[in-house]
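Heads up, the thing below is written out as structure tokens.
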Amino acid sequence: MIKFFSALSVAASVAALAPMSVTAAPVYFNPEANVGSNLDTGVGGMDIDLHLGVESGGAFAQIGPVIKVPDSGEVDYGVSGKAGYGFGPGYTELSFVSYDDDTTINLKVGGKFQL
């Protein structure tokens, strides 16, 4: 529970400081649910991100608490965030998820083309 309140403190800090550090970049709330599945076991647990973020000129950054809801076992709380940039048809995103001493970092690079 302490981790949950720590994550909420981080999110509140982002909301309070973002308007001062980024001009003309409004703060937004980005709730997101990510559900895992595979062919052997079917639908698995879910991670729920409750991010606050800023976006300006194609770049964005967001951070907040994450709630891990497994299909069995105890609910866990952590912190997650992501930052990225869109350029022409391409984009990139760097994200992290941290539970206790376990932190995962991911890099996504892709494109979006109108058909």
Side-chain angles (χ1 to χ4, degrees):
M1 198 58 153
I2 292 173
K3 289 186 292 179
F4 178 73
F5 289 117
S6 296
L8 263 142
S9 299
V10 169
S13 299
V14 168
L17 297 175
M20 295 186 308
S21 61
V22 180
T23 49
V27 175
Y28 62 87
F29 175 56
N30 180 214
E32 184 176 289
N34 297 292
V35 178
S37 68
N38 66 47
L39 295 175
D40 294 331
T41 61
V43 175
M46 175 178 14
D47 284 352
I48 301 169
D49 297 329
L50 302 171
H51 289 168
L52 290 177
V54 293
E55 183 172 10
S56 179
F60 74 93
Q62 57 189 52
I63 191 167
V66 60
I67 304 165
K68 181 187 271 301
V69 183
D71 52 349
S72 64
E74 291 187 27
V75 172
D76 197 6
Y77 301 93
V79 177
S80 66
K82 54 180 91 168
Y85 182 71
F87 47 92
Y91 65 90
T92 184
E93 180 180 295
L94 182 65
S95 63
F96 77 93
V97 177
S98 184
Y99 295 101
D100 289 325
D101 295 332
D102 183 25
T103 299
T104 303
I105 297 173
N106 295 296
L107 175 64
K108 183 189 328 183
V109 177
K112 183 168 70 173
F113 304 95
Q114 191 166 1
L115 301 177

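All values below come from the heavy atoms of this structure, side chains included, with hydrogens, waters and symmetry mates left out.
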Hydrophobic cluster mates of Tyr85, side-chain heavy atoms under 4.5 angstrom, ILVMFWY only, any path?
Phe87
Assess whether side chain to side chain contact (heavy atoms under 4.5 Å, CB included) is satisfied between Asp47 and Ile67, documenting all intermediate values.
CA-CA 6 Å; Asp47 284 352; Ile67 304 165; over 6 Å; no
Which atom pair, heavy atoms only, marks the closest approach of Asp71 to Gly44?
OD2-CA, 3.9 Å
Lys68 bridged to Glu74 by N-O distance under 4.0 Å
no
Transitively linked via ILVMFWY side-chain contacts under 4.5 Å: Leu94 with Phe60?
no
So does Lys108 get a backbone contact from the side chain of Thr92, meaning a donor-acceptor N/O pair under 3.5 Å?
yes
How long is the span from the CG atom in Asn34 to the CD1 atom in Ile48, to the nearest 0.5 Å?
9.5 Å
Is the shortest heavy-atom distance from the side chain of Tyr91 to the side chain of Val109 under 4.5 Å?
no
Answer whether the closest heavy-atom distance between the side chains of Tyr28 and Pro26 falls below 4.5 Å.
no
By the definition side-chain hydrogen bond (donor to acceptor under 3.5 Å, both in side chains), identify the one residue from His51, Glu32, Glu55 that meets it with Gln62.
His51
OG-CD1 distance between Ser95 and Ile63, expressed to the nearest 0.5 angstrom
12.0 Å
Derivation of the side chain to side chain contact (heavy atoms under 4.5 Å, CB included) call for Thr104 and Tyr99:
CA-CA 9 Å; Thr104 303; Tyr99 295 101; over 6 Å; no
Report the distance from atom OG of Ser80 to atom CG of Asn106, rounding to the nearest 0.5 Å.
11.0 Å
